[in-house]
Amino acid sequence: TYIVNDNCIACKYTDCVEVCPVDCFYEGENMLVIHPDECIDCGVCEPECPADAIRPDTEPDMEKWVEFNRKYSEMWPVIITRKDPLPGADERDGEEGKLEKYFS
Ligand code: SF4
Ligand code: F3S
């Protein structure tokens, strides 16, 4: 599966949702997640994210992010249409400690 990590937080560019063939992105207030059981591992969303926040779970230490994505995808509504990024997204791309600072 692929997952969304903390660099999506406070950016939320949403380019990713337009390309997913199975519509498995879910939207919270300031980030998206992927449902790990619905993702078919096609990989097309990965290069679409300007914040490089979409990663394959084959990278090291991804269990935490898979569980994070699963948890919130079961609570949040699906998103299938692109929208404007959050205000200040470009300035916050790459900022450290986003989970602690901005996640809600
Ligand atoms: Fe959707 Fe493919 Fe990305 Fe999985 S890898 S979230 S199926 S676009
Ligand atoms: Fe987030 Fe990247 Fe999609 S910033 S909303 S994962 S395009």
Side-chain angles (χ1 to χ4, degrees):
T1 187
Y2 282 70
I3 56 84
V4 180
N5 70 23
D6 55 341
N7 203 38
C8 180
I9 298 171
C11 289
K12 204 160 89 168
Y13 288 106
T14 71
D15 302 65
C16 52
V17 305
E18 293 280 338
V19 299
C20 181
V22 295
D23 295 339
C24 65
F25 283 91
Y26 293 80
E27 183 182 19
E29 242 171 78
N30 58 15
M31 80 176 290
L32 303 193
V33 289
I34 290 169
H35 197 311
D37 302 332
E38 295 174 357
C39 173
I40 58 169
D41 245 352
C42 71
V44 300
C45 57
E46 183 187 348
E48 295 300 318
C49 176
D52 204 20
I54 300 175
R55 311 300 325 150
D57 74 342
T58 47
E59 290 182 355
D61 302 320
M62 289 305 240
E63 293 81 10
K64 169 192 160 188
W65 287 108
V66 173
E67 285 321 305
F68 184 101
N69 277 245
R70 179 176 282 112
K71 175 180 172 183
Y72 289 104
S73 64
E74 286 168 357
M75 296 167 58
W76 293 344
V78 71
I79 172 171
I80 57 172
T81 310
R82 186 178 176 179
K83 51 164 77 170
D84 286 341
L86 293 174
D90 292 348
E91 289 72 41
R92 285 179 171 162
D93 180 6
E95 197 174 311
E96 296 288 319
K98 286 179 159 193
L99 192 61
E100 295 73 23
K101 277 193 267 189
Y102 306 123
F103 182 70
S104 56

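Since the structure is predicted, the reported quantities are computational estimates derived from the model, not experimental observations. Order of listing sets the numbers, starting from 1, for every ligand and every atom in it. The first residue of the sequence shown is numbered 1, and numbering continues consecutively from there.
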Q: Strictly under 2.8 Å of atom 2 (Fe) of ligand 2: which protein N/O/S atoms qualify?
A: C49 SG

Q: Can you list the steps and then say if K98 with N7 is a side chain to side chain donor-acceptor pair (under 3.5 Å)?
A: CA-CA 7 Å; K98 286 179 159 193; N7 203 38; 2.9 Å; yes

Q: Ignoring hydrogens, what is the shortest heavy-atom contact between E27 and K83? Give both atom names and the distance.
A: OE2-NZ, 2.7 Å

Q: Using a 4.5 Å cut-off on heavy atoms from C-beta on, say whether the side chain of Y2 contacts that of N69.
A: no

Q: Please name the pair of heavy atoms, one in P47 and one in V44, separated by the smallest distance, quoted to 0.1 Å.
A: CD-O, 3.5 Å

Q: Is the shortest heavy-atom distance from the side chain of I54 to the side chain of C16 under 4.5 Å?
A: yes

Q: F103 vs Y72 aromatic rings, parallel, tilted or perpendicular, using cut-offs 30° and 60°?
A: perpendicular

Q: Return the minimal non-hydrogen interatomic distance between V17 and T81, and the atom names on each side.
A: CG2-C, 3.6 Å

Q: Under a 4.0 Å heavy-atom cut-off, what residues line ligand 1?
A: Y2, C20, P21, V22, C24, F25, I34, C39, I40, C42, G43, V44, C45

Q: Give the intermediate values and the outcome of side-chain contact (heavy atoms from CB on, under 4.5 Å) for residues I34 and F25.
A: CA-CA 5 Å; I34 290 169; F25 283 91; 3.3 Å; yes

Q: Do you know the tightest heavy-atom contact between V78 and D23?
A: CG2-O, 3.4 Å

